[in-house]
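First comes the structure, then the notes that go with it.
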Amino acid sequence: MPAIMHQAIAEHAGILLIMAEQQATEGPITPRASDYAQWYQDIIAAAELVDQAPVRGCWILRPNGYGIWEAIQRDLDRRFRRLGVQNAYFPLLIPQSFITREAEHVEGFSPELAVVTHAGGDELEEPLVVRPTSETVIWATLRRWIRSHRDLPLLLNQWANVVRWEKRPRAFLRTTEFLWQEGHTAHATPEDARRFALTMLRTYEDFADQVLCLAPIVGEKPAHERFPGAVATFTLEPMMQDGRALQAGTSHDLGANFARAFDVTYQGEDGASHPVYATSWGVSTRTIGGVLMAHGDDRGAIFPPSVAPTQVAIVPVPGRDEASTRAVEAAAAEAQAQLTAAGHRVAVDNRPGLRPGAKFFHWERRGAPLRLEIGPRDVDANQAVAVTRHDGQKRRVPLSGLVPAVADLLGTVRTELSTRARAFREARTKAVEDRAELEAAVTEGYALARWCERKSCAEEIQAVTRATIRCYPFEWRDDRYLPLPDDPGPCAWCGEPATRRVIIGRAY
RNA sequence: CGGGGAGUAGCUCAGCCCGGUAGAGCACCACGUUUGGGACGUGGGGGUCGGAGGUUCAAGUCCUCUCUCCCCGACCA
């Protein structure tokens, strides 16, 4: 719960309001500019997305928060199926010995493992780990499922929870337990695996851009930032409103590393035995944190229409007499019925004892992208006042043509959020040539800098600037990802020869 | 794991220095008047003061120990 100790003075509608200290869910929101971390916590509380759990690092997802995840699931799941991916489910508990099979994998994950040593009243002969990811148990299984080239490609996904013991948890962004999907595929050739990993990256990029409106930078991680056990890791790096990066999804080309560790081979058309090539890819509840940090403002959360728990909030404005009030209520109910039938998530705010203004603020805090006000004057004119959350613009929409008008407005909101995020990121991404420019750039956003590709240099950059190499950025052209053209010159940090530019930024 | 804070009503806090019947604002419940950008009146409910031990006639307050949470850094989807 946020510690709101100040009295916020907010200018609103031309008058100064002094807002008293209040309950977290109803209280003032710390301005983004004065304390970004506190602002983040405040808007989560205001939108009632999570509640505190009894275990540190864990959060309860309240209906609003979980609703966003459900919307993400629906959208991604459709995309996966379109690519021929099938859902399956593998167990939560994994024998500890599995984790140790792939050398880098162990090294990468052992510090974060939760281990079960006792069960059924006895000490276990072999401890079980709570999955931090499922490569090991899946590849132990695929050994039985893959015999012939005809079994490939094998495209699996699972919706699951995983546990990684985190030193410093933050709601959505870094939680001990989190929800995600993890895709795992098996291919006959390294080229097939690479191609699929990139197809998935493109799928994620489209989702992040069109659905979450995050306008991410897309690219490949440098070697030292790869997933433990991968030969290549591809990433989405949207920029948050404080200029920091959030890794919002990854797709890995695992080469034959896991197949080798779990001894998985297939018999080819040539009759010989061949290694199997793998990918894995995931998007987690962390992206919800990204949506909050990318779009929210000082009034609270702003959700892109397709993932908003409530897309349209209808606020009836009572009339002076009972008859007009009843007419307003009827019009609100009718509007809700029509919009719900059209597939929208709609709430009518019928709470008694609250004035319309209080309800306007309420739904703004909760991030509803569109508000419809219906009062006696609107009923007379057969219209509603539509207010878009992200820019506060008011429009009149006809009650007779409400469904197409709302669909149109929600589409406009989506486009504008996406455009706004892209413009923000582009304005705060600077090509830099030397240390001074790099240091300045990462305090505002991303630096596009030549880098010598040495880990030690990256570590020095991080030690001094707190920024990390986010990725080698890609461009989507002619239906495929292309790295930036080589651009030889001195490394922006150490001056040694470099051939490529990377995105450098501070990250969550 | 290092460095800082903080634990008293659902929330934000006061009370502690100087021990003496548990407080405020907001929230919540009821009724009434209101209602186009955060309404008001009247009445009401709500607490083993994070936990354990100690000092004392008496502990929210003093002493000792302990637990938890938050913020800042190193590890991470």
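Nothing here was measured: the structure is a model prediction, and the numbers come from that model. Just so it is clear: chains get the letters A, B, ... in the order the sequence lines come, proteins before strands, and each one is counted from 1.
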Atom-pair distance (CZ on A:R365; P on B:A27), nearest Å: 12 Å
Indicate, yes or no, whether a donor-acceptor pair under 3.5 Å links the base of B:C76 to the side chain of A:R174. yes
Considering every strand and a 4.0 Å limit on heavy-atom distances, what is the contact class for A:P111: base, sugar-phosphate, or nothing? nothing
Heavy atoms under 4.0 Å, any strand shown: does A:V385 hit a base, just sugar-phosphate, or nothing? base
Regarding A:R101 and the six-membered ring of A:F98, is the cationic atom NZ or CZ under 6.0 Å from the ring centre and inside 45° of its axis? yes
Spacing of A:M200 atom CE relative to B:A77 atom C1', expressed in whole Å: 15 Å
Selection: residues 277-291 of chain A, any non-hydrogen atom under 4.0 Å of RNA chain B: A:S284, A:R286
Any donor-acceptor pair under 3.5 Å linking the side-chain atoms of A:N161 with those of A:E177? yes
What's the CG-P distance between A:D42 and B:C11, to the nearest Å? 15 Å
Are A:F361 and the base of B:G38 stacked, counting only ring centres nearer than 5.5 Å and planes tilted under 30°? yes
Identified pairing partner of B:G53, criterion: Watson-Crick or G-U wobble below 3.5 Å: B:C63
With a non-hydrogen cut-off below 4.0 angstrom, is A:R170 in contact with a base, only sugar-phosphate, or nothing? nothing
State whether a side-chain donor-acceptor pair under 3.5 Å links A:T233 with A:H252. yes
Side chain of A:T175 (C-beta onward), nearest among B:A77, B:A39, B:G37: B:A77
So A:L354, base contact, sugar-phosphate only, or nothing? Heavy-atom distance under 4.0 Å. base
Could you tell me the Watson-Crick or G-U partner of B:C16, where both distances fall under 3.5 Å? Say none if there is no partner. none
Sidechain-backbone polar pair: A:Q181 side chain, A:V283 backbone, donor-acceptor under 3.5 Å: yes
Given that A:A358 and A:R320 both sit by RNA chain B, which one's nearest nucleotide is further toward the 5' end? A:R320
Checking all strands, does A:E166 fall into the base, sugar-phosphate, or nothing category for heavy-atom contacts under 4.0 angstrom? base
Neighbours of RNA chain B within residues 372-384 of chain A, by heavy-atom distance under 4.0 Å: A:E373, A:G375, A:P376, A:R377, A:D378
Within 45° of the ring axis of A:F360 and under 6.0 Å from its six-membered ring centre, is that where the NZ or CZ of A:R371 lies? yes
Look at the aromatic rings of A:W281 and A:Y204 and report parallel, tilted or perpendicular, splitting at 30° and 60°. perpendicular
Any strand: nucleotide that pairs with B:G73 via Watson-Crick or wobble, under 3.5 Å: B:C1
Span that lies between the P atom of B:C63 and that of B:U55, in whole angstrom: 15 Å
Could you work out the separation of B:G73 and B:U64 based on their C1' atoms and round it to a whole Å? 32 Å
For the residue pair A:W159 / A:Q73, report whether a side-chain donor-acceptor contact shorter than 3.5 Å exists. no
Could you tell me whether the side chains of A:D242 and A:Y508 share a donor-acceptor contact shorter than 3.5 Å? yes
Check the distance between B:A77's P and A:Y508's OH and give it to me in whole angstrom. 17 Å
Rounding to an integer number of angstrom, what distance separates B:C75 and B:C17 when you compare their C1' atoms? 43 Å
Please work out whether the ring planes of A:F258 and A:F262 are parallel, tilted or perpendicular, with thresholds of 30° and 60°. parallel
Quiz question: by atom type and distance under 3.5 Å, do the side chains of A:E182 and A:S134 form a donor-acceptor pair? yes
Between A:D35 (CG) and B:C71 (C1'), how many Å, whole number? 9 Å
Counting side-chain heavy atoms from CB outward, which of B:C71, B:U35, B:A77 is closest to A:P356? B:U35
With rounding to whole Å, what would you report as the distance between B:G23 and B:U8 at their C1' atoms? 10 Å
Between atom CG in A:D242 and atom P in B:C72, what is the gap in whole Å? 12 Å
C1' spacing across the pair B:C67 / B:A52, given as an integer number of angstrom: 10 Å
Pairing of A:R389 and A:D297 as salt bridge, 4.0 angstrom limit: yes
Determine the Euclidean distance between corresponding P atoms of B:G41 and B:U61; express it in Å to zero decimal places. 37 Å
Going by atom types alone, do A:T279 and A:T185 pair a side-chain donor with an acceptor below 3.5 Å? yes
Hey, does A:G108 reach any base, or is it just sugar-phosphate, or nothing, if we go heavy atoms under 4.0 Å? nothing
Scan side-chain atoms only and decide if A:H105 and A:E135 contain a donor-acceptor pair under the 3.5 Å cut-off. no
Whole Å only: how far is the NZ atom of A:K167 from the P atom of B:A74? 13 Å
Looking only at atom P, what distance separates B:G60 and B:U48, rounded to whole Å? 13 Å
With both distances under 3.5 Å as the test, what is the Watson-Crick or G-U wobble partner of B:C26? B:G10
Distance in angstrom units between A:Q41 CD and B:C11 P, rounded: 15 Å
Which nucleotide wins on minimum distance to the side chain of A:R355, given the candidates B:C76, B:G37, B:U35? B:U35
If we call it a pair only when both distances are under 3.5 Å in a Watson-Crick or G-U wobble match, what pairs with B:A58? none
Could you check whether A:A37 gets within reach of a base, just the sugar-phosphate, or nothing at all, counting any heavy atom under 4.0 Å? sugar-phosphate
Identify whether any heavy atom of A:Q462 sits under 4.0 Å from a base atom; if not, whether one sits that close to sugar-phosphate; answer base, sugar-phosphate or nothing. sugar-phosphate
B:G19 and B:U56, which share atom name P, separated by this distance in whole Å: 16 Å
Pairing partner of B:G46, by Watson-Crick or G-U wobble and under 3.5 Å for both distances, is none
In Watson-Crick or G-U wobble terms, both distances under 3.5 Å, what is the partner of B:U35? none
